[in-house]
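Computation of the quantities below employed the complete heavy-atom set of this structure, encompassing side-chain atoms and omitting hydrogens, waters and symmetry-equivalent molecules. In this text, all values refer to a predicted model and were calculated from it rather than measured experimentally.
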Amino acid sequence: MSISDRELQELVAAGIVDDSTARRILDYYQEGSHGRARFDLSHTAYYLGALVVMSAMGWFMSEAWSRYGGPVLTVVAIAYALVFILAGESLWRRSGFRQPGGLLFTLAVWMTPLAVFGVQHALNLWPEGEFGMYRDYLVTPGTWIALEVATIVAALLAIRLRPFAFLAFPLAFGLYFLSLDVGPFLLGASEIWTSYEVRRSITLLFGGVLLAVTYTFDGRTREDYAFWLYLSGLVAFWGALTAEEIGQIVYLVVNVALILFAVLLRRKTFLVFGGLGLFIYLAYLASEVFAESLLFPVALTAIGIAIIAAGVWYRRHQSRIETTLLAVLPAAVRETLPRYRAPPPAGGAPKPSVQ
């Protein structure tokens with residue numbers, strides 16, 4: 001549910017709520033206090049700006065150290081982090097500006113690997129040469145792990161001090177690269193870890209594990225950390241699955257399962273990835289059946305129209321479909337769904353029961 005300022009003003013004019021209550025309700029939805037912020041133009045600009053800064057810092061990490069050295073890089077990273085924290089604090093406490101404040105805290109966390117890398121480089125823990133080469137050749141997996149662990153710890157600390165959903169993004173980022181590097185660190189660096197097949201398999205496993213772990217606490221927190229963790233897990237799992245040379249039937253079943261999960265979990269992200277996978281499968285069938293035929297674009301058009309029709313049908317019968325799926329599930333499984341969980345109570349609201 002979301003509500004606009006105009007709708008609240010209509011409620012005030014009708015005498016249903018007073019001005020102060022209307023303002024608190026609007027802040028509740030705009031700031032994401034309920035865990036799921038509404039995205040409008042301003043929120044889109046907030047996140048886009050944050051992603052641009054993150055990209056800039058990635059470039060800075062790979063270029064600046066060669067010009068200025070490790071100590072300067074560490075000092076600059078810490079200075080940036082302090083500025084982001086101070087600016088974030090000033091916005092976090094202001095009504096209606098919790099989102100940009102939280103994003104600034106996320107950018108502060110993003111400075112952690114820069115600062116740690118600067119210290120490592122100053123201590124000569126990195127060989128001379130191009131920074132980006134070493135992940136490919138696994139010369140120093142231990143130093144990479146230090147960057148990743150530091151990022152994970154910083155993200156967890158920030159989540160503890162300033163609960164904000166997007167902080168799950170650098171957390172997932174650090175966990176993903178840690179999953180790639182922990183193998184060569186523990187078992188020894190060898191060319192097997194650089195092979196595309198091995199990294200694809202690790203990515204597939206990481207995505208599946210992250211989705212399973214996220215499911216266990218989805219709905220149990222005030223902030224919707226699950227959204228970003230689900231998204232990260234789906235990118236890893238679905239991307240590796242699509243690149244994996246598996247049977248087409250298995251690929252179809254997995255993507256249909258993602259669509260069903262979207263209904264059960266009420267997560268549109270699963271629907272997007274499952275829908276893309278279903279389209280890829282149907283397009284593959286069309287290309288096989290109508291190879292080198294003018295009927296191929298006709299088949300693709302038919303697939304597109306069928307997908308639209310399916311969306312319209314689901315829209316009309318959404319409640320019935322959800323009820324049917326829930327009825328099929330065993331009661332023990334149904335009880336575990338996030339929709340029946342309650343986040344830490346802010347006002348002591350009771351947990352809904354399963355019908």
Side-chain angles (χ1 to χ4, degrees), residues 1-8 10-11 14 16 25 28-30 32 34-41 43-44 211 214-215 218-219 224 226-228 230-231 233-235 237-238 241-242 248-286 289-290 295-343 351-355:
M1 174 186 175
S2 62
I3 191 167
S4 67
D5 184 62
R6 179 179 178 180
E7 291 169 331
L8 280 174
E10 291 176 353
L11 293 177
I16 299 175
I25 293 174
Y28 178 81
Y29 281 102
Q30 285 185 336
H34 56 306
R36 301 193 182 189
R38 183 182 62 192
F39 273 80
D40 54 19
L41 183 59
H43 287 94
T44 302
L211 291 174
T214 303
Y215 176 83
D218 183 9
D224 190 21
F227 171 81
W228 295 104
Y230 275 141
L231 179 60
L234 283 168
V235 169
F237 176 79
W238 184 88
L241 182 73
T242 302
Q248 293 298 321
I249 297 300
V250 175
Y251 186 75
L252 171 64
V253 170
V254 171
N255 283 282
V256 170
L258 291 179
I259 294 174
L260 295 177
F261 280 133
V263 178
L264 293 174
L265 302 180
R266 294 178 175 175
R267 294 283 180 176
K268 296 177 182 178
T269 314
F270 283 83
L271 183 61
V272 171
F273 283 90
L276 284 174
L278 184 59
F279 169 76
I280 291 173
Y281 174 78
L282 294 176
Y284 165 79
L285 289 183
V289 175
F290 302 106
L295 291 177
F296 178 63
V298 176
L300 285 182
T301 301
I303 291 173
I305 294 175
I307 292 175
I308 294 173
V312 173
W313 177 80
Y314 174 74
R315 179 71 175 179
R316 290 178 176 176
H317 305 282
Q318 181 175 352
S319 298
R320 185 187 307 172
I321 294 171
E322 289 189 13
T323 301
T324 302
L325 287 177
L326 291 173
V328 171
L329 292 176
V333 176
R334 199 162 59 238
E335 285 278 3
T336 68
L337 291 176
R339 68 177 68 195
Y340 300 121
R341 301 171 187 168
K351 179 179 178 179
S353 59
V354 179
Q355 300 297 327

Do Leu337 and Asp218 come within less than 4.5 Å of each other through their side chains, counting heavy atoms only? no

From NE2 (His317) to OG1 (Thr323), nearest 0.5 Å: 13.0 Å

Between Glu322 and Val263, which heavy-atom pair has the shortest distance, and what is it? CG-CG1, 3.4 Å

In Å and rounded to the nearest 0.5 Å, what is the OG1 to CG distance from Thr269 to Leu258? 11.0 Å

My understanding is that only one of Leu234, Leu241, Val254 makes a side-chain contact (heavy atoms from CB on, under 4.5 Å) with Phe273; could you say which? Leu234

Find the distance between OG1 (Thr214) and CZ (Phe227) and round it off to the nearest 0.5 Å. 12.5 Å

Is any side-chain heavy atom of Trp313 closer than 4.5 Å to a side-chain heavy atom of Ile321? yes

In this structure, which one of Phe270, Phe261, Phe237, Trp238 forms a ring-ring contact (aromatic ring centres under 6.0 Å, His included) with Tyr230? Phe270

If you measure from CG on Asn255 to CG on Leu260, what distance do you get to the nearest 0.5 Å? 11.0 Å

For Asp224, is there an ion pair with Arg267 - N to carboxylate O distance below 4.0 angstrom? yes

Is the shortest side-chain heavy-atom distance between Leu329 and Leu264 below 4.5 Å? yes

Donor-acceptor pair, distance only, cut-off 3.5 Å: does the side chain of Tyr215 make one with the backbone of Leu265? no

